Amino acid sequence: MLKPPKQVVSEIIQRALAEDLGIGDITSELTISEGATGTGKFISKSSGIICGWPVVKEVFQQLNPGIFLDIYLPDGSAVAPGTLLAVISGPVKDLLAGERVALNFLQHLSGIATYTRKLVDQISGFPNVRVVDTRKTTPGLRILQKYAVRIGGGYNHRYNLADAVLIKDNHLVACGGVKPAIEMVRKGIPHTMTIEVEVESEEQVREALDAEADIIMLDNMSPELMRKMVNLINRRACVEASGNVTAENIREVAATGVDVISVGHLTHSVEALDISLKLGNI
C-alpha cells in the first residue's frame, strides 16, 4: 500500500503539534517529574478498520526520537472493541504531549477506512465496480484522507485540479454546453490525459458521446435513469455515478452497471473510530 510521502506527513504533523502544544504542556510540566518514563496502550473501543500508524509514528518521532511504538495490528486490520492495537513507551511528558494529536489522526483516518470498507463490502457482488473518493476533503489533510480510503479498499479520484480534466456544471455554463467544452479542452491537453464530463440528463449524455468523452459522470440520477444511460453509453466511455450515494443505496447504484461510484461522504463527514491511549503497566 502506497504510503503518504514522509516530507508531507512531517509538515502536517509540525503544524498540528504547534497548534496543540502552544508554548508547552503546562499540566504535565507541573505534575510529572523530569525523566519519568512509562508505557501506554492504544486500545480500540469500537469495531472498524485501523489506519494512521505512519502519522502516529511521526507525531512521537518529532517529540522524541527515543519513543518506541510497537504496532500489533497494522493499517488495514479489522478490530473489535477492546482490541490492543499497539504499545508505546518513552518519557511520559512526551507521550502525553503527543497523545491528542496522535489520537485525532488515528481516529479520523480509521473512521474513513472503516466507512470505505463498509461501502466496498456492500458491493462485493460487483467486483468490477470501484468505490472512489472526491475532493471533498479537510483542507490540508487530503493526502492522508485519500490514503485512508485506499486502506479501506477504495480507490482515489483525482488528487487535485491539475491531475485530470473534469468538466463540471459550472464549466458547461461558461462554455455553452458539453460538446464545446470537450472540444476546447481537447485542443489544450496532452494525448496522455483523459477527459471526464459531469452530466445530468440524457441529452447531455448524448452530447458527451458525440464529443467522445473518455469518462461520463452521471450526477444525481435515479438508479432507473442511470441504468438507461449505461445501456446508451454501451462501453463507449467509462461511467461514473456520483451524488447522494450512501451505504443504504450503493448496491442499487452498482447494479445499474456503472464502472465507478464516487462518494464524498468517505472524507467530508465520516465518523471517527473510538480509540484510546491509556498509560499504565504492560
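We use all heavy atoms of the structure for the numbers below, so side chains are in, but hydrogens, waters and symmetry mates are not. Predicted model, so just to flag it, every value in this text is computed and none were measured. If you read the sequence from its start, that first residue is 1, and numbering goes on from there.
At a threshold of 4.0 Å, the pair Arg100-Asp20 does not count as salt-bridged, since none of the basic side-chain nitrogens sits closer than that to a carboxylate oxygen. Using a 4.0 Å cut-off between a side-chain N of Lys or Arg and a carboxylate O of Asp or Glu, Glu19 and Arg15 do not qualify as a salt bridge. Ion pairing between a basic and an acidic side chain is recognised when a charged N comes within 4.0 Å of a carboxylate O; Lys6 and Glu58 show such pairing.
The main-chain N or O of Trp53 is found under 3.5 Å from a side-chain atom of Asp75 such that the two form a donor-acceptor pair. Side chain of Asp70 to backbone of Ala86: no donor-acceptor contact under 3.5 angstrom is found. For Asn104 (side chain) and Glu99 (main-chain N/O), no donor-acceptor pair under 3.5 Å exists by modelled atom type. Between the side chain of Asp94 and the backbone N or O of Pro91, no donor-acceptor pair lies under 3.5 Å. At distances below 3.5 Å, not a single donor-acceptor pair connects side-chain atoms of Arg117 with backbone N or O atoms of Gly153. A side-chain donor-acceptor contact under 3.5 Å links Thr246 to the backbone of Glu248. With hydrogens and angles ignored, the 3.5 Å screen pairs a side-chain donor or acceptor of Arg236 with a backbone N or O of Leu232. At distances below 3.5 Å, not a single donor-acceptor pair connects side-chain atoms of Ser46 with backbone N or O atoms of Pro81. Checking side-chain atoms of Glu271 against main-chain N and O of Gly111 turns up no donor-acceptor pair under 3.5 Å.
Contact between Thr39 and Gly280 at its shortest, heavy atoms only, is OG1-O, 2.7 Å. Closest heavy-atom contact between Leu96 and Ser28: CD1-OG, 3.6 Å. Closest approach of Ser262 to Glu240, counting heavy atoms only: OG-OE2, 2.8 Å. Contact detail for Met226 and Ala241: the closest heavy-atom pair is SD-CB, 3.6 Å. For Val165 against Ile167, the heavy-atom pair with the smallest separation is CG1-CG1, 3.9 Å. Scanning both residues, Ile151 and Ala113, for their nearest heavy atoms gives CG2-CB, 4.1 Å.
Screening residues 110-134 for ring-ring contact (aromatic ring centres under 6.0 Å, His included) gives Tyr115-His265 as the qualifying pairs, with residues at least two apart or on separate chains. Screening residues 160-188 for side-chain hydrogen bond (donor to acceptor under 3.5 Å, both in side chains) gives Lys168-Glu198 as the qualifying pairs, with residues at least two apart or on separate chains. Screening residues 79-93 for side-chain hydrogen bond (donor to acceptor under 3.5 Å, both in side chains), with sequence neighbours left out, gives Glu29-Lys93, Glu34-Lys93.
Contact annotation: the side chain of Asn249 never approaches that of Pro223 to less than 4.5 Å [non-hydrogen atoms, C-beta and beyond]. Side-chain contact between Val197 and Leu172 is present, with at least one heavy-atom pair separated by less than 4.5 Å. Between Ile88 and Phe68, every side-chain heavy-atom pair lies at or beyond the 4.5 Å cut-off. The shortest distance between side-chain heavy atoms of Tyr72 and Ser77 does not fall below 4.5 Å. Side-chain contact between Leu103 and Phe42 is present, with heavy atoms from C-beta onward closer than 4.5 Å. Under the 4.5 Å side-chain criterion, counting only non-hydrogen atoms from C-beta, Ile49 is not in contact with Ile112. Within the 4.5 Å cutoff, the side chain of Val199 has no heavy atoms near those of the Asp219 side chain. Counting heavy atoms from C-beta on, the side chains of Val9 and Leu144 come closer than 4.5 Å.
Counted by atom type alone, Glu200 and Gln204 present zero donor-acceptor pairs between their side chains at under 3.5 Å. Between Gln145 and Thr267, the side chains place no donor N or O within less than 3.5 Å of an acceptor N or O (distance only, hydrogens not considered). Inspection of the Asn128 and Asp259 side chains reveals no N or O donor paired with an N or O acceptor under 3.5 Å.
Heavy-atom contacts from other residues, nucleotides or ligands closer than 6.0 Å to CE of Met184 number 12 or fewer. Residue-environment remark: CD (Glu11) exceeds the threshold of 12 foreign heavy atoms within 6.0 Å. Applying the 6.0 Å contact sphere to CD of Glu203 captures no more than 12 heavy atoms from other residues, nucleotides or ligands. The number of heavy-atom neighbours closer than 6.0 Å to CZ of Arg142, taken from other residues, nucleotides and ligands shown, is above 12. Atom CG of Leu30 has more than 12 heavy atoms from other residues, nucleotides or ligands within 6.0 Å.
With rounding to the nearest 0.5 angstrom, the CZ atom of Arg135 is 13.5 Å from the CG atom of Asn156. For the atom pair CD1 of Ile43 and CG of Leu84, the computed distance is 6.0 Å after rounding to the nearest 0.5 Å. One finds the CG atom of Leu106 at 4.0 Å from the CD1 atom of Ile275 (value rounded to the nearest 0.5 Å). Within the model, atoms OG of Ser242 and CE of Met217 stand 4.5 Å from one another, a figure rounded to the nearest 0.5 Å. Atoms CG and OG1, on Leu225 and Thr256 in that order, are 10.0 Å from each other to the nearest 0.5 Å. Interatomic distance, OG1 of Thr137 versus NE2 of His268, reported as 11.0 Å (0.5 Å rounding).
Using a 4.5 Å cut-off between side-chain heavy atoms of Ile, Leu, Val, Met, Phe, Trp and Tyr, with links allowed through other members, Met229 and Val245 fall into the same hydrophobic cluster. Note on Leu166: it does not cluster hydrophobically with Ile189, by side-chain heavy-atom contacts below 4.5 Å among ILVMFWY residues. With hydrophobic clusters built from ILVMFWY side chains whose heavy atoms lie under 4.5 angstrom apart, Phe105 shares a cluster with Leu73.
Cluster partners of Val260, by chain and number: Val132, Tyr155. The rule joins Ile, Leu, Val, Met, Phe, Trp and Tyr whenever side-chain heavy atoms lie under 4.5 Å apart. With a 4.5 Å cut-off between side-chain heavy atoms of Ile, Leu, Val, Met, Phe, Trp and Tyr, the cluster of Ile215 takes in none.
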Exercise for review: Take Asp133 and Val263, measure what side-chain contact (heavy atoms from CB on, under 4.5 Å) needs, and give me the verdict at the end.
Suggested key: CA-CA 5 Å; Asp133 51 32; Val263 186; over 6 Å; no

**Study point:** Stepwise side-chain contact (heavy atoms from CB on, under 4.5 Å) check, Leu63 with Leu21
**Key:** CA-CA 11 Å; Leu63 289 167; Leu21 287 173; 3.9 Å; yes

Exercise for review: Take His157 and Glu196 through the test side-chain contact (heavy atoms from CB on, under 4.5 Å) and record every step on the way to the result.
Suggested key: CA-CA 11 Å; His157 209 296; Glu196 179 171 8; 3.4 Å; yes

Exercise for review: With side-chain contact (heavy atoms from CB on, under 4.5 Å) as the test, would you mind laying out the steps for Glu224 and Lys228 before giving the verdict?
Suggested key: CA-CA 6 Å; Glu224 293 74 24; Lys228 181 180 177 182; over 6 Å; no

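Among residues two or more places apart in sequence or in another chain, the salt bridge (charged side-chain N to carboxylate O under 4.0 Å, His left out) test is passed with Lys118 by none.
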